[in-house]
Amino acid sequence: MALALDTPDGGSGTAATASAVRLDHVSKSFGRPGRQQLVLDDISLDVAPGEFVTLIGASGCGKSTLLNLVAGLDAASAGTITVPGGRPALMFQEHALFPWLTAGRNIELALRLRGLPKAERRPEAERLLSLVRLQGSYDKRVHELSGGMRQRVALARALAQDSRLLLMDEPFAALDAITRDVLHEELTRIWSETGVSVLFVTHNVREAVRLAQRVILLSSRPGRVVHEWQVAIDQPRRIEDAEVSALSVAITERLREEIRRHGQQ
Amino acid sequence: MALALDTPDGGSGTAATASAVRLDHVSKSFGRPGRQQLVLDDISLDVAPGEFVTLIGASGCGKSTLLNLVAGLDAASAGTITVPGGRPALMFQEHALFPWLTAGRNIELALRLRGLPKAERRPEAERLLSLVRLQGSYDKRVHELSGGMRQRVALARALAQDSRLLLMDEPFAALDAITRDVLHEELTRIWSETGVSVLFVTHNVREAVRLAQRVILLSSRPGRVVHEWQVAIDQPRRIEDAEVSALSVAITERLREEIRRHGQQ
Amino acid sequence: GYGSDSEDDGADDAPSSSESAEGPSLSADEVTIGYFANITHAPAVIGLQEGDGLIRQELGGTEIGTQIFNAGPSAIEALNAGEVDVTFIGPNPAINGWAQSGGESLRIVAGAASGGASLVVNPETVSSIDDLAGARIATPQLGNTQDVALLNYLSEEGYEVDPESGEGDVSVLRIANSEIPAAFDGGDIDGAWVPEPTAANLVSRGAETLLDEGELWENGQYVVTHVIAAQGFLEEHPDVVEAIVRGLVRTNAWIGENPEEAKTSFNAALAELPGGSELPADVLDPAFDHVEFLNDPLASTLQVGAENAVNAGLLEETDLSGIYDLSILNGVLAEEGQPEVDDAGLGVED
Amino acid sequence: MASSDLTTTPPSSPSSDLAGLEAGLDALETPTAPDHEPGRVWRVLLTKVVPPIVAIALVLIVWQLVYLAEVQPHYLLPGPADVWGEVNEMWREGTLLEYIWTSTSRGILGFLVAVAVGTPLGLLVARVKLVRAAIGPILTGLQSLPSIAWVPAAIIWFGLTNGTIYAVVLLGAVPSIANGIVAGVDQIPPLYLRAGRMLGARGFTSVRHVLLPAALPGYLAGLKQGWAFSWRSLMAAELIVHSPDLGTGLGQLMENYRTLQNMSGVLATIILILIVGVAIDLLIFSPLERRVLRGRGLLARAS
Amino acid sequence: MASSDLTTTPPSSPSSDLAGLEAGLDALETPTAPDHEPGRVWRVLLTKVVPPIVAIALVLIVWQLVYLAEVQPHYLLPGPADVWGEVNEMWREGTLLEYIWTSTSRGILGFLVAVAVGTPLGLLVARVKLVRAAIGPILTGLQSLPSIAWVPAAIIWFGLTNGTIYAVVLLGAVPSIANGIVAGVDQIPPLYLRAGRMLGARGFTSVRHVLLPAALPGYLAGLKQGWAFSWRSLMAAELIVHSPDLGTGLGQLMENYRTLQNMSGVLATIILILIVGVAIDLLIFSPLERRVLRGRGLLARAS
Ligand SMILES: Nc1ncnc2c1ncn2[C@@H]1O[C@H](COP(=O)(O)OP(=O)(O)OP(=O)(O)O)[C@@H](O)[C@H]1O
Ligand SMILES: Nc1ncnc2c1ncn2[C@@H]1O[C@H](COP(=O)(O)OP(=O)(O)OP(=O)(O)O)[C@@H](O)[C@H]1O
Ligand SMILES: [Mg+2]
Ligand SMILES: [Mg+2]
């Protein structure tokens with residue numbers, strides 16, 4: 001049975017004495033003064049250390065913007081963002097691999113900047129590549145990789161940073177169902193073994209439920225937290241599980257409602 | 001009930017007197033002579049005029065490569081490709097929008113190159129934008145669009161070409177479930193109204209079944225056609241339909257098998 | 001305010017055109033004359049002045065184009081290209097132009113100036129000829145008149161110098177005239193064999209004249225500027241050349257009679273150039289006095305200069321006969337009641 | 001647990017001498033605080049107008065100090081006042097603007113012709129393999145030929161006219177501009193070319209709608225270098241061709257000052273040339289560049 | 001229904017005069033047939049070696065014809081044989097290589113120093129807004145100052161040494177190289193900078209691992225222009241400063257030939273300068289460029 005624990009709009013239930021990420025009334029608008037567009041509106045959000053949170057919402061609702069704010073790549077227009085654990089690892093929606101390096105070197109650069117001694121880098125890069133099922137692609141240039149392969153190299157690079165907080169923007173969008181399943185497995189394993197906190201954006205509601213402890217739904221224009229679900233299904237879960245399906249259907253229904261409501265405005 | 005009609009490996013059953021796309025024993029390898037990698041191996045494939053065919057396969061199996069060959073962007077290493085209907089429209093896996101133009105202008109450029117008179121371009125571009133649910137984004141620059149919005153503009157641009165053959169490389173990968181549903185609807189409508197032929201790559205097996213008349217499964221390294229399903233479910237279908245689900249499960253199973261077999265080699 | 005000191009108040013802005021309509025028309029509608037804006041070209045500077053320049057007056061209805069050069073090669077290039085018909089120039093570019101064209105391009109039709117070059121040195125490092133060993137002496141250009149003179153002088157004094165590179169017992173540096181004062185001030189050179197007004201300029205900065213080139217020549221006279229004409233132009237429009245030569249002869253005569261006015265006039269012409277300014281008296285006076293303006297091209301000194309250049313290896317053996325055509329000059333001199341000049345056997349043979 | 005508030009805390013950097021530089025290098029990467037405040041005009045003034053003025057003031061002060069210390073005799077290194085006097089004189093004589101205009105108009109006209117010639121040439125070299133193999137390296141060779149080398153030939157062909165000046169300017173600028181567009185085209189991500197091709201852009205349509213706009217940032221950089229080449233070639237040409245009928249440009253002016261050993265004049269001319277160069281950059285290239293980069297989201301903007 | 005076989009049929013183009021050009025412009029976009037055939041070496045020869053040779057041969061033939069037709073007197077436009085004779089004489093005298101080497105070594109050394117100075121300067125201008133506002137436009141202004149303008153100042157500071165020559169070369173090349181890297185940095189897609197930042201690249205690490213490699217294609221284009229500037233400035237400097245201690249370079253050589261009105265010599269020097277320029281491009285810049293572009297998938301490759 002899906003043990004979904006609905007909480008009302010906004011704010012997380014847990015006390016915020018120690019959080020991996022904390023957003024306090026954060027807003028963000030784009031554009032020149034005068035012609036501004038409000039994208040995120042008064043978002044408050046807590047991710048507890050070791051928590052796995054997924055963000056869902058319609059296309060263009062501000063999920064990537066939110067991750068950028070948390071990553072410190074953009075400044076919020078209002079509110080404060082606190083990330084106590086130091087620099088998070090961000091996996092961009094576009095792969096953002098460096099085209100002047102090979103797949104393996106991209107990962108090694110992350111290892112190097114993290115401070116790993118030279119001798120350990122190559123084996124570690126190979127290990128990460130095989131983790132994402134790309135053993136043997138070490139020497140491939142970025143333009144020689146397929147879309148899904150690039151995404152996996154980017155995943156390996158993000159993992160190479162060994163951060164306490166992992167921000168992932170639709171990391172599995174370009175992967176086939178099977179590879180995705182495998183990587184779900186790996187990600188869950190890494191998460192439970194290392195206790196890293198994860199903020200994960202996806203369009204695949206089943207994926208969200210499959211992975212997360214908590215699913216957050218954003219509305220569009222402007223993005224607001226409209227709903228949260230605690231996912232109390234035991235790990236190991238599988239994406240085909242009936243409980244996952246059931247909760248997914250409920251979430252999808254709410255998402256549809258949200259979009260419909262927006263269309264009527 | 002899912003009326004799936006399994007046909008054995010390779011070759012299409014229909015007579016090829018008139019096809020929208022015809023591949024005859026096509027192979028493609030990359031790399032310098034001596035260090036070549038065979039990506040597509042002896043692919044024979046026919047798309048009948050007005051047919052909707054989806055291609056699925058593991059990440060990196062050569063789907064995008066195949067579309068590039070059909071589009072004439074790359075030359076096959078062996079075999080011949082015939083596209084009688086003239087230049088197809090290709091929607092790239094990366095959005096491939098021109099960053100120096102606004103969203104609307106990107107679409108207008110396609111209209112202009114297709115030969116539409118100046119006065120009709122702007123209204124037509126607006127129409128296409130609202131078709132992909134982006135009314136009001138005409139003046140946005142590419143870098144001001146979210147990932148999913150870019151993908152939708154690219155879809156609108158491909159539709160603007162009004163080609164007899166539409167090649168689509170994971171066009172809905174970055175969209176939320178609801179927007180995707182809506183666009184499925186639109187695409188099916190356009191397809192049935194205009195009789196365009198579609199060759200559609202996706203990782204979402206349900207999507208493949210939801211849309212296609214025929215689903216083709218490619219194996220990896222090298223890519224070969226390993227299986228085909230005729231999808232005899234009546235339109236209008238919905239992605240949640242039981243028949244769609246049932247066939248999807250079967251296809252996913254076959255895909256898993258294929259990947260497993262590959263892993264063992 | 002802008003242009004408040006502007007000299008032409010519009011009215012007399014187009015004197016050359018209005019003036020050219022006045023006089024009798026010569027065989028050519030138009031003639032282009034080249035010269036340098038420096039002291040050894042003073043007859044041109046003065047004679048071609050807007051308004052009352054004597055050369056201008058002689059040319060009457062023929063329109064005059066002027067072209068100011070800053071180095072001999074450009075002048076010869078322009079002459080060869082037919083862009084300049086007559087030009088004032090130093091002896092060595094004329095010899096080089098003559099030699100390279102196999103005697104086809106030009107002829108010397110008159111002299112203009114003599115003298116004006118000297119070896120000036122820093123008295124602290126070079127006090128006599130004997131101190132020249134190891135010194136660094138500048139000339140304005142490889143193979144030009146002063147360069148050849150220096151090389152010749154050094155070899156006569158027993159110093160060995162490789163003419164091309166300038167290496168040897170004395171280092172010979174080729175530095176543009178305009179940079180020589182700075183090089184001297186910076187202590188980069190111990191002296192220079194230069195024409196006026198650079199020599200006077202160096203003296204005003206503490207240099208001393210070690211040798212006046214005139215001391216090496218008979219009468220102290222040697223050609224430093226003469227007038228050449230393109231052969232084609234000379235054949236087609238001898239009357240125009242004659243007018244120029246007559247103007248030159250009269251200008252030289254005027255300078256000889258009115259040296260102070262000539263200085264003022266020269267300085268004024270100089271100041272009128274874009275960016276031009278009058279030379280200070282401590283440079284102008286000695287420089288002007290050091291140059292002699294005369295009609296005689298001093299053909300024999302040209303011959304000697306060419307031989308020196310050949311000896312120095314800076315010129316291939318050249319036959320200079322035919323480089324002079326002094327018939328026009330001698331005709332004009334006869335008219336003016338002055339003695340004829342000699343072409344040292346290098347004249348055209350008819 | 002150390003809490004770093006990303007909105008306010010600057011990135012921690014080593015407290016070495018290099019810290020300032022490092023911080024500077026990070027400047028563009030660090031998100032800037034949004035500026036809705038009314039102080040915006042002041043901010044622009046502060047960041048755009050004050051720094052160059054301070055820079056210029058600093059140079060002037062150092063110059064004046066060096067002058068006063070008489071590191072070099074005054075006739076070799078005149079002070080700012082002397083140079084200003086020289087400029088002022090040209091102003092009063094009413095010749096200043098003529099000098100500037102003569103050179104600037106020649107420079108701009110020559111540059112425009114060079115663009116018109118260099119752009120198609122560059123496109124051909126960039127896109128046609130045979131042409132590239134045949135003349136690509138020769139272009140670079142030509143680019144490194146000093147202008148003076150062309151003068152004799154130009155005089156033979158064009159005489160002592162503006163034609164010679166323009167010929168020398170063109171021969172200097174065309175290879176540079178062509179090389180600029182070659183570089184720009186080479187850097188175009190192939191995806192755009194492919195996308196253009198799929199949209200049906202061929203030949204000149206493709207050049208106009210895909211190739212040129214895609215190559216624009218690199219092309220602009222090439223144009224800027226090409227302008228510098230035009231201008232320098234012009235200066236060289238003006239030294240040689242100097243006839244009163246053609247008007248006097250800054251090149252001749254400088255040469256005359258040099259000949260007359262008038263250092264104040266030389267410096268005044270240098271400053272005039274600098275001002276023209278800076279003005280061309282500020283009025284033409286900078287705004288163009290900013291527009292192009294901003295349109296493509298390559299410029300980090302405030303807010 | 002007309003069937004167009006995409007593998008073999010070229011794109012249909014209008015049968016106008018422009019057809020050839022259009023086809024050429026499409027060349028890179030059209031997929032090339034894979035070449036596994038053994039004839040590959042020949043193909044490379046045909047496409048890489050033959051075109052420049054044909055181009056040079058054409059120029060020589062036209063030149064010889066013009067010479068024979070005596071469009072200009074021979075002393076103004078000598079024929080190829082005369083010029084060859086001049087080169088040959090330098091060769092026999094053993095001075096040829098010295099001239100080339102003197103200039104080339106100066107040019108390369110000056111260029112390297114200019115790179116070492118210009119690169120950090122350009123990075124500062126590109127990345128630090130204050131510096132950019134303060135000296136960005138001045139850089140472009142400096143770039144357009146003719147080399148000759150620096151000669152008097154350089155002589156005052158450095159005397160008649162190689163120092164003066166290098167100073168002139170540097171003042172010519174540094175702004176060009178700095179502007180090149182500024183342009184290169186400006187064109188970096190912000191995504192890479194952000195990615196680098198997320199990976200923890202700061203300050204010099206960021207410059208080394210992200211900024212420089214990302215700006216490399218534009219930077220290389222700037223270096224090429226910078227080389228042209230160095231070389232031309234060198235020629236200008238060599239014209240002015242000619243002292244026996246310093247050796248004779250090509251600039252002096254050309255000036256000497258001009259003085260002597262030896263057109264064959266002038267042309268021979270021009271050709272030597274061209275050869276050096278082409279060689280530098282072929283040996284240094286072209287391979288570098290090709291490597292950089294190929295590594296990033298910006299070069300269409302056969303197969
Ligand atoms: N640099 C920008 N300038 C202006 N508007 C922007 C900018 N970046 C994003 N936006 C706008 O902000 C909104 C949210 O964008 P964002 O990329 O965060 O969406 P998203 O939730 O990630 O969508 P998707 O699922 O499609 O990736 C969009 O409407 C977009 O147009
Ligand atoms: N230009 C190239 N050079 C070398 N190898 C390439 C090149 N393009 C693609 N490949 C290789 O060809 C294979 C197929 O790539 P392709 O992009 O067609 O895969 P795909 O099926 O589209 O995968 P995905 O679903 O991940 O997009 C991959 O192994 C890839 O590494
Ligand atoms: Mg997004
Ligand atoms: Mg793909």
Side-chain angles (χ1 to χ4, degrees), chain B residues 64-65 67-75 83 86-103 105-116 121 125 139-146 150 153-169, chain D residues 28-29 31-32 34 119 123 127 129 180-181 183-223 285 287-303:
Chain B
S64 303
T65 306
L67 287 198
N68 278 341
L69 292 182
V70 172
L73 291 176
D74 249 327
V83 183
R87 196 185 49 247
L90 171 57
M91 197 185 148
F92 292 85
Q93 189 166 11
E94 312 92 339
H95 57 82
L97 295 174
F98 296 137
W100 55 90
L101 298 174
T102 61
R105 291 262 164 205
N106 263 289
I107 299 172
E108 278 190 28
L109 179 58
L111 294 172
R112 171 176 194 161
L113 292 174
R114 163 185 136 192
L116 207 70
R121 281 182 220 148
D139 280 326
K140 285 213 166 140
R141 294 273 170 181
V142 173
H143 69 273
E144 296 172 339
L145 298 172
S146 80
R150 288 176 203 174
V153 176
L155 173 63
R157 188 175 70 169
L159 293 177
Q161 285 186 255
D162 203 20
S163 267
R164 298 304 305 145
L165 174 61
L166 209 50
L167 307 172
M168 308 178 87
D169 201 349
Chain D
L28 215 147
E29 295 167 35
T32 45
T119 305
L123 281 173
R127 301 294 285 152
K129 278 192 181 149
I181 191 147
V185 169
D186 279 351
Q187 291 170 49
I188 299 178
L191 187 61
Y192 297 146
L193 299 179
R194 298 174 144 224
R197 209 166 155 235
M198 286 322 293
L199 294 180
R202 296 271 146 155
F204 293 116
T205 340
S206 162
V207 168
R208 172 155 172 228
H209 292 295
V210 184
L211 216 57
L212 276 183
L216 199 55
Y219 179 46
L220 260 185
L223 285 186
F285 290 111
L288 258 180
E289 256 172 10
R290 223 170 306 128
R291 253 196 81 188
V292 167
L293 294 178
R294 179 161 292 173
R296 287 155 205 236
L298 293 174
L299 254 199
R301 284 160 305 175
S303 140

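Numbers restart at 1 for each chain; the letters A, B, ... are given by sequence-line order, proteins then strands.
In the displayed structure, B:Arg105 atom CZ is contacted under 6.0 Å by at most 12 heavy atoms of other residues, nucleotides or ligands.
D:Ala195 approaches B:Ala96 most closely through the heavy-atom pair CB-O, 3.8 Å. B:Phe98 and D:Gly196 get closest at one heavy-atom pair: CZ-N, 3.7 Å.
Every residue meeting the side chain to side chain donor-acceptor pair (under 3.5 Å) condition with D:Thr119, not counting sequence neighbours, appears here in chain and number order: D:Tyr219. In this view, D:Gln187 satisfies the side chain to side chain donor-acceptor pair (under 3.5 Å) rule with no residue, not counting sequence neighbours.
When heavy atoms are compared at a cutoff of 4.5 Å, D:Arg291 does not approach chain B at all. For D:Val210, the parts lying near chain B are the backbone and the side chain together; criterion is any non-hydrogen pair under 4.5 Å. For B:Leu97, the part lying under 4.5 angstrom from a heavy atom of chain D is the backbone only.
Atom CG of B:Leu111 and atom CG of D:Leu199 lie 10.0 Å apart (nearest 0.5 Å). Rounding to the nearest 0.5 Å places CZ of B:Phe92 at 5.5 Å from CG of D:Leu191.
Note on B:Arg157, B:Met91, B:Arg141, B:Arg114: by heavy-atom pairs under 4.5 Å with chain D, the leading option is B:Arg141.
Using a 4.5 Å cut-off on side-chain heavy atoms (C-beta onward), B:Leu90 and D:Arg194 make no contact. Counting heavy atoms from C-beta outward, B:Arg112 and D:Thr205 have side chains that stay 4.5 Å or more apart.
At least one donor-acceptor pair closer than 3.5 Å links the side chain of B:Arg87 to the backbone N or O of D:Met198.
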